[in-house]
Amino acid sequence: MENCIFCKIVAGEIPSPRLYEDEKMIVIRDIEPKAKLHYLCIPKTHFALFSEMDEGGAEIVKHCFQVIPALEKALGLEDGYRVIVNQGENGGQTVPHLHIHLLGGEKLADF
Ligand code: AMP
Ligand code: ZN
């Protein structure tokens, strides 16, 4: 997808160290961390919203949610973390390429 910052990161056009990568997803650090540890799990396929997800997209999201628990220790999230997927304007989504925020490394405020 042209002009999508996360597609550019996935393609390697914008450098961003990958903490994990497989054929379906990457994990990077958020450039503006909102917690001591803040990661983004980014599917390699472009779609912005759950409402736009097709069967292939659903398989990829399922894969992400299967891999994330396996990465907890390596990412320093073994004491717990918060998973956030912002959707659209009211959800505060700023990058229209679906991604999963992982926040942890400290006790997070209630929300
Ligand atoms: P959202 O607001 O849910 O769409 O989340 C987008 C996130 O992407 C924000 O937390 C940004 O800080 C983060 N972000 C934007 N550009 C980059 C980048 N080049 N590398 C890493 N994280 C980024
Ligand atoms: Zn994209």
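In each ligand, atom 1 is the first atom listed, and ligand 1 is the first ligand listed. This one's a predicted model, so the numbers in the text were calculated from it and none came from an experiment.
- More than 12 heavy atoms of other shown residues, nucleotides or ligands fall within 6.0 angstrom of atom CG in Asp54.
- For His101, every heavy-atom contact with ligand 1 shorter than 4.0 Å involves the side chain, none the backbone.
- Taking the Zn ion (ligand 2) as reference, His97 places its N/O/S atom ND1 nearest.
- Ring-plane geometry between His97 and His46 is classed as perpendicular, the angle between the planes exceeding 60 degrees on a 0 to 90 degree scale with a lower cut at 30.
- Of the listed options His99, Arg29, His97, His99 places a heavy atom closest to atom 1 (P) of ligand 1.
- Closest to atom 2 (O) of ligand 1 by heavy atom, among Thr94, Val95, Val85, is Thr94.
- Put simply, the side chain of Leu75 does not reach to within 4.5 Å of the side chain of Leu37, judged on heavy atoms.
- The neighbour count for Glu89 CD, taken as heavy atoms of other residues, nucleotides or ligands under 6.0 Å away, does not exceed 12.
- Residue contacts with ligand 1, taken as heavy atom pairs separated by less than 4.0 Å, do not involve Ile84 at all.
- In terms of protein heavy-atom proximity, atom 18 (C) of ligand 1 is nearest to Ile9 CD1, 3.8 Å.
- No heavy atom of Ile14 sits closer than 4.0 Å to any atom of ligand 1.
- Rounding to 10 degrees, one finds that the Zn ion (ligand 2) sits at the corner of an angle of 110° between His46 ND1 and Cys7 SG.
- Of all the heavy atoms of Phe6, the ones lying under 4.0 Å from any atom of ligand 1 belong exclusively to the side chain.
- The environment of NZ in Lys36 is sparse: at most 12 heavy-atom neighbours from other residues, nucleotides or ligands sit within 6.0 Å.
- Applying the side chain to side chain contact (heavy atoms under 4.5 Å, CB included) test between Ile9 and each of Val95, Leu40, Ile14 identifies Ile14 as the sole match.
- Looking at atom 23 (C) of ligand 1, its nearest protein heavy atom turns out to be Ile31 CG2, 3.5 Å.
- Neither Ile28 nor Tyr20 shares a network with the other; the hydrophobic side chains, linked directly or stepwise wherever heavy atoms of I, L, V, M, F, W or Y lie under 4.5 Å apart, form separate groups for each.
- Of all the atoms in ligand 1, the ones that sit under 4.0 Å from a non-hydrogen atom of Gly92 are 2 (O).
- At a 4.0 Å heavy-atom cut-off, ligand 1 touches Ile28 through the side chain alone.
- Between Asp30 and ligand 1, a contact under 3.5 Å exists for at least one N or O pair.
- Looking at atom 16 (N) of ligand 1, its nearest protein heavy atom turns out to be Ile5 CD1, 3.7 Å.
- More than 12 heavy atoms of other shown residues, nucleotides or ligands fall within 6.0 angstrom of atom CD in Glu23.
- With hydrogens and angles disregarded, no donor-acceptor distance shorter than 3.5 Å links the side chain of Arg29 to the backbone of Ser16.
- Under a 4.0 Å criterion applied to the non-hydrogen atoms of Glu32, ligand 1 contributes the atoms 12 (O).
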